[in-house]
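See structure below.
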Amino acid sequence: MFDKLERITQAVTLADNRQQALELIVDKVCNELQVEVCSIFLADHERDQFILKATQGLNLRCVDQLRIDFNEGLVGLVGQRGGPVHLESADSHPAFHYVEDVQEDDFSAYLGVPIIYQRRILGVLSIQQRDARQFELDEETFLITLATQISSVLSNTETDLLIDESEQHRPVRCIHGIPASNGVAIGVAKIMFPSLDITRVPKRSVEDIDAEIRKLRKAVRRTHIQLEKMSNRMKGLVSEQERSLFDAYQQILGSEGLEKEIEEKIKSGNWAPFALKMVINEHLKAFRSMEDPYLKERANDIEDLANRVLGNLLRRESRKFEPQEGTILVAESVTASMIAELPLDKVSAVISMTGSSTSHAAILAKALGLPAIMGLEPCQIGRLDGKNIIVDGYNGQIFVSPDLALINQYEKLVNDELKFFKELEKDHSLPNTCQDGTSIALLVNSSHPIDFEKAQKSGADGIGLYRTEIPFMREQQFPSEESQVQIYKNILKGFDGMPVTIRTLDIGGDKQLPYFKINEDNPFLGWRGVRITLDHPEIFLVQLRAIFKASIGTKNLKIVIPMIATIDELDECYRLIHKAFDEIEIEAQDKGRKLYPPKIGIILEVPSTIFQLKQIIERVDFISIGTNDLIQYLLAVDRNNLKLRNLYSHYQPAVLQVLKLVVEQCRSSKVELQVCGEMASDPLAAIILIGFGYRGLSMSAGNLSRVKRAISRFSIAEMEALAKQVITYETETKVKSVLLKAMEEKGLGGLVRAGN
Ligand code: PEP
Ligand code: MG
């Protein structure tokens, strides 16, 4: 059965569009299972109906014509049951619904299974047979397995169709993703393609060998032409010697041998990209093992050339990203470093197929006030290129090729929002207090110089979290002690007289340095944060020395350590911190200057620390709750996993219970408490955190004025009462809806949705 499944799914990957894929499936299922009928109905959720989209064995004229209500017939029964319906004699079943034109009178054996993607029914796959016979059990499991595999193909194409259909201004529908950074933008989508990487081409087999060879020859021809054009363009700009690189490429590519070798691999059944990879790998191995440094270096040229041929094979060139004003950046995987390099005057929003609201790209987008949507429904992003789109960062929705009415509606929202922000700006000079006058420290999470400006303008009480890894990401190698000193000095000086909490390097997980690659199966449970810096004291000590050097003469430094899981780690950190402090103190004294001891704390984000709070409190000056990671480790939900986006929420009752417990356990100690995860940036959540007893919130600079306005309209007593109420709820939807209602009642809905 496995082989049959493989053959069908392989065939589906060759289809150019959804209809072709469906036709291939029904055809292959009939062949492989030796059944007379196979049909696929797809769900039309707007009309609560199934539509016959492909069949082998029934009347083809009914395709796209036959519609069956969700509660009608055997197809409806499969949908309602959400499981297989297996009948020996379909026509005697009470749900059987006779439709004359379909011509299914003779097929009494029926087996239908639902096609479900992420709890949503996409359609029904069925087989039918003339002889009254039970289908075998393994035929049933086969069909169920096939349905799970095609569900993701279908869900992708469903979204693709939406993108194409939206051109004709069908009823307005949107593509969903995770709301990652608030705000609304209207602009033109521009795709940033990742550079192609031959090393990541997967193994795949092909049946039509001749077609694959033709594709290869065409790709090689296109590559020749491109190389020639490049060489001509460089004439006069670079020396002849440098230009000869293109001739060398042409020679390698032109050698009969190379193309023949690739064709041989295709003839053994491999698709062309993998055949190319196999041949190139052999050549790379040979070049890389050479002694001569010049020849060794040629391996890079061969790899570059292979990537170029690959681009032509996949008909995708690695295009340069050159945004115009109002561009909306769209990419398969937007990373924090990509955002760090964006021209911010040109890019007005960001859309990423992967990631979530707490991925570091999202955090950076929030800090920059760029509306962002992460974890978009699966689709071919290439189709979005050049399209007009509306990005609603509040609801995680994008509208492709919107009609004028929708554009007008959103333009009004954008204007309302601008007005609302202007209005919020009036609060900037006011102190950060609740309605009854209680002060709350509203601090900013920062990683980018632009945050400093925003933080200062919006009246922040200091920097609650400075993520040092972001400047590390912009480098080509670990930054030197001196260059780090400059970075930390800027921020300590910029916020003179206010606390500045510098976090020691927190790489790993979804934060990679281009020059320190970590490959792990489980990066979020792996080598990250303090685990790396303790294993590399040479990196840790340079950073600590730089932080202390920068702080000579200032009294506002706080140091926070990420990913502490055990007391041993904390003690070892203290040992290294003291070592670096003592060294710099001597250097400072020699120059007649004073180094003040900083406050030291941890980010509480690994659940084990909740159960060792007593020992931690004895050691640290402050604790900052990193809800982004705490939530993922508490609920066992990868913070960037698209499929789990509904589960990852700071309104989950278990999360609220933990936050309440920590504040209660710290109450009798001198330890300062604050929350620095993204939860603190959410005005709704901020109300609850204050209600629990937190008095320090560190958030994205872009959200400070929202939180400031929200807390200024609630008294401590009101927030405590709300917190007391929501802590009794059992579901996150209930928690969220009660908080939303409380916000609307205060006339503050505009803080958490588009508009005012
Ligand atoms: C957190 O985990 O909440 C946190 C502040 O750190 P980061 O998001 O950088 O992992
Ligand atoms: Mg963290």
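Just the heavy atoms: all of them, side chains too, but no hydrogens, waters or symmetry mates, feed the values below. Start at 1 and go down the list; that is how both ligands and their atoms are numbered.
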Item to complete: Would you check if there is a donor-acceptor pair between the side chains of Q543 and Y488 at a distance under 3.5 Å?
Response: yes
Discussion item. Here's one to test your reading of the geometry: is the NZ or CZ of K660 within 45 degrees of the ring axis of F692 and under 6.0 Å from its centre?
Written reply: no
Worksheet item: Does a donor on one side chain and an acceptor on the other come within less than 3.5 Å for S624 and Q674?
Response: yes
Discussion item. So, 2.8 Å as the limit: is an N/O/S atom of D506 located closer than that to the Mg ion (ligand 2)?
Written reply: no
Practice prompt. Could you tell me whether K599 sits above the aromatic face of F622, with NZ or CZ closer than 6.0 angstrom to the six-membered ring centre and within 45 degrees of the axis?
Written response: no
Worksheet item: Going by atom types alone, do T354 and S333 pair a side-chain donor with an acceptor below 3.5 Å?
Response: yes
Practice prompt. Looking only at N, O or S atoms, find the one in E605 nearest to the Mg ion (ligand 2) and name it.
Written response: OE1
Worksheet item: Which single N/O/S atom of D629 lies at minimum distance from the Mg ion (ligand 2)?
Response: OD2
Worksheet item: Just by distance, with hydrogens left out, do Y648 and Q652 show a side-chain donor and acceptor under 3.5 Å apart?
Response: no
Worksheet entry | Between E678 and S700, a side-chain donor and acceptor under 3.5 Å | yes
Item to complete: Output the set of protein residues with a heavy-atom contact under 4.0 Å to ligand 1, ordered first by chain identifier and then by residue number.
Response: H360, I363, L465, R467, R503, D506, K511, R528, E605, G626, T627, N628, D629, R639, C676, G677
